[in-house]
Visitor: 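Would you mind keeping the following structure in view while I ask a few things?
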Amino acid sequence: MKLRLKNLHLVQGPFELRMDLETTGDVIGIFGKSGAGKTSLLELVAGLRQPQTGRIEIDGTVLTDRARGFSIPLERRGVGYVPQDLALFPHLSVLKNVTYGKSATNSSGVKISFDHVIEVLEIETLLERSIGQLSGGQKQRVAFARALLAQPRLLLLDEPLASLDHELKLKIIPYLGRIRDEFHLPMLYVTHAPDEVVALCDQVLVLQEGRCVHLSPPLEIFEATTSMALKPGILGENPNA
Amino acid sequence: MNAEDAQVIGFTLATAALSTLIILPFGIGLAWLLARAKWPGKSLVETVVAMPLVMPPVATGLILLNVLGRHGLLGIGARKFFGTEIVFTWKAVVASMAVMSFPFLVRASRLAFEEINPRLEQVARTLGSGRARVFFGITLPLAARGLIAGTVWAFARALGEFGATILVAGNIPGRTTTMAIAIYSDIQLGDEGHAYQLLGVSAVLAFVAVSLGNRFFPWGEKR
C-alpha cells in the first residue's frame with residue numbers, strides 16, 4: 001500500500017494535526033502517546049472527519065481532496081474500520097453482525113469469502129450467539145470478521161487490543177498476523193504499544209502533537225524488541241519511562 | 001355505563017390513537033434531527049416544540065383556534081382544498097391532541113436516539129450502508145424501546161387532553177365530546193356519579209398507558 005497525505009490539516013478545538021508524507025507498507029503502524037493525533041488521522045482516512053485542507057491518497061486512489069471539494073462518501077470508501085470500542089451492533093446476532101457489510105456489497109466483487117474469514121478467525125461456533133454472550137477476545141475477532149466481509153480495500157484498526165489484558169492480547173495478535181498473511185489487505189494500525197508495532201507493522205509513523213516526527217521500519221525506531229523503548233531523539237524523550 | 005358513555009370512550013380512544021399516528025413520523029423525524037444533526041434554528045424549534053408543555057393549554061387552544069379557524073391559515077387551506085371545516089369537528093379534537101402530545105413524543109424519542117453510540121451508525125456506513133439502511137437497520141431498532149415509550153406517553157397525554165380541545169372543538173355531544181370534556185360537563189351539571197364513572201375509566205386507561213410507557217422506557221432500570 002502506498003499512503004500519501006498531502007498538506008493535511010485538521011483543526012479541532014485546541015488540537016491541530018498537520019501532515020505531509022508518503023510511505024509504503026503492508027501494515028503501517030500509527031504510533032504515539034494519547035492525544036498525539038493517532039485516532040484523528042485514522043478517522044480522516046476513514047472519512048469520519050473532514051480536514052480543513054489537504055489530500056488523502058491510497059494506492060493512487062484519492063479518498064479526500066479538499067482543494068477540489070472531493071471526498072468519497074463513507075459507504076463507498078471501501079475501508080474496513082474497527083474502532084477501539086469495536087461498535088458491534090448489540091441488537092444483531094454474531095452472524096448478522098459479520099454479514100452486515102457483506103449484504104451491502106456487490107456479490108460479484110467478492111474476493112474475501114465468508115467461509116475463509118470464519119475459518120481464519122475461528123468464529124464458526126459463535127455465529128448464533130448474541131453479542132452480549134461473547135468474551136472480549138471473541139468480540140475482537142467478530143469485529144475483524146465484520147470489517148473483512150465488507151470487502152474493504154484497506155483495514156483501519158484503532159487500538160484493537162488496547163482494552164485486552166496481556167494474556168488475551170497475546171492470543172489475538174496471531175489472528176491479526178493471519179489476517180495480514182491470508183487476505184493480503186493493507187492495514188493502518190493505530191497503537192501505543194511497541195510490541196504490537198514490532199509484531200505486525202512494517203512501517204511506523206510516530207506522531208507527536210499532531211505531527212509525524214518519525215517514519216521508518218519499527219526496528220529502526222525501538223531500542224530493542226525486548227525493552228521496547230524508543231531510541232533517543234525519536235520523541236525527544238522516552239514515552240515508556 | 002350507557003351507549004353514550006361507550007361512544008365517548010370509543011371516540012376518545014380513536015381520536016387519541018389517530019393523533020398519535022399522525023405525529024409519529026414527524027415526532028420521530030424531528031427527534032432524530034435534534035439528536036443527531038446541527039442546523040440553523042435548531043434551538044428555536046426545540047423551544048417552540050416544548051412550549052405546549054409549559055403554556056396554559058387554553059392559551060395553546062387559542063393559538064390553534066386562530067390557525068385552524070375560518071380566517072386562520074390552515075382553516076382557509078382546509079376549506080379551499082378539501083372543502084371542510086376544522087374547528088368544532090372531530091378534526092379539531094385530533095389537532096388539539098396532536099399539538100399537546102407532540103412534545104412528549106419528541107422528548108422521549110430524542111433521548112432514545114441520544115442514548116445510541118453514534119459510532120455504531122458511523123461503522124455501519126463504513127460497511128457500505130447508506131443513511132436510510134443505517135437508520136432503519138441500526139438506529140431505529142436500537143431506539144425502539146424509547147420510541148415506544150414516547151408513543152405510549154403521547155397517546156396517554158392525548159387521552160387526557162382538555163384545555164385546548166374545549167376551546168377548538170367545543171363540547172358537542174356525539175361529535176366532539178371526549179372523556180375529559182364529559183367529566184367536566186358532568187361536574188358542571190351536578191351529575192357527579194356519572195363523572196366518577198368516567199373518572200374510573202380514565203384512571204384505568206391512564207394507569208395502563210403509563211405502566212406500558214415505563215416498561216418500555218429503556219432507562220427505567222437506572223433510576
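Not measured: the values here are computed from a predicted model. In what follows, every heavy atom counts, from backbone to side chain, and hydrogens, waters and symmetry copies are set aside.
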Visitor: I want to check a possible cation-pi pair here: R125(B) against Y81(A), using under 6.0 Å from ring centre and within 45° of the ring axis as the test.
Guide: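 Verdict for Y81(A): no cation-pi partner in R125(B).
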Visitor: Is E43(A) close to chain B through its backbone or its side chain, or both, or neither, when contacts mean heavy atoms under 4.5 Å?
Guide: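 For E43(A), side-chain heavy atoms alone lie under 4.5 Å from chain B.
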Visitor: What pair of heavy atoms forms the shortest contact from A87(A) to R119(B), and how long is it?
Guide: CB-CG, 3.8 Å
Visitor: Should we count OH of Y184(B) as having more than 12 external heavy atoms under 6.0 Å?
Guide: no
Visitor: Check the surroundings of atom CZ in R175(B): do more than 12 heavy atoms from other residues, nucleotides or ligands lie under 6.0 Å from it?
Guide: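 Counting neighbours around CZ of R175(B), 12 or fewer heavy atoms of other residues, nucleotides or ligands fall under 6.0 Å, so no.
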Visitor: Taking all non-hydrogen atoms of both residues into account, name the closest pair between G130(B) and E75(A) and its distance.
Guide: CA-OE2, 4.2 Å
Visitor: Looking at every non-hydrogen atom in both residues, tell me the closest pair between L127(B) and Y100(A) and how far apart they are.
Guide: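 So the minimum-distance heavy-atom pair works out to CD1-CD2, 3.8 Å.
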Visitor: Using 0.5 Å steps for rounding, measure from the OG1 atom of T126(B) to the CZ atom of R76(A).
Guide: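 Output value for this atom pair is 14.5 Å.
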Visitor: Which atom pair, heavy atoms only, marks the closest approach of L120(B) to L88(A)?
Guide: CD2-O, 3.3 Å
Visitor: When you look at CZ of R107(B), are more than 12 heavy atoms from neighbouring residues, nucleotides or ligands closer to it than 6.0 Å?
Guide: no
Visitor: So which heavy atom on L74(A) is nearest to which on Q122(B), and how close?
Guide: CD1-O, 4.4 Å
Visitor: Take atom CG in L21(B); do more than 12 heavy atoms of anything else shown fall under 6.0 Å from it?
Guide: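 For L21(B), atom CG is crowded (more than 12 foreign heavy atoms under 6.0 Å).
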Visitor: Give a yes or no on this: more than 12 heavy atoms of other residues, nucleotides or ligands lie within 6.0 Å of atom OH of Y196(B).
Guide: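 Check fails, neighbour count at 12 or below.
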Visitor: Mark yes when over 12 heavy atoms from residues, nucleotides or ligands other than K42(B) sit less than 6.0 Å from its NZ; otherwise mark no.
Guide: yes
Visitor: What part of A144(B) lies closer than 4.5 angstrom to a heavy atom of chain A: side chain, backbone, both or neither?
Guide: neither
Visitor: Is it true that, when you exclude F26(B) itself, more than 12 heavy atoms of the residues, nucleotides or ligands shown sit nearer than 6.0 Å to its CZ?
Guide: no
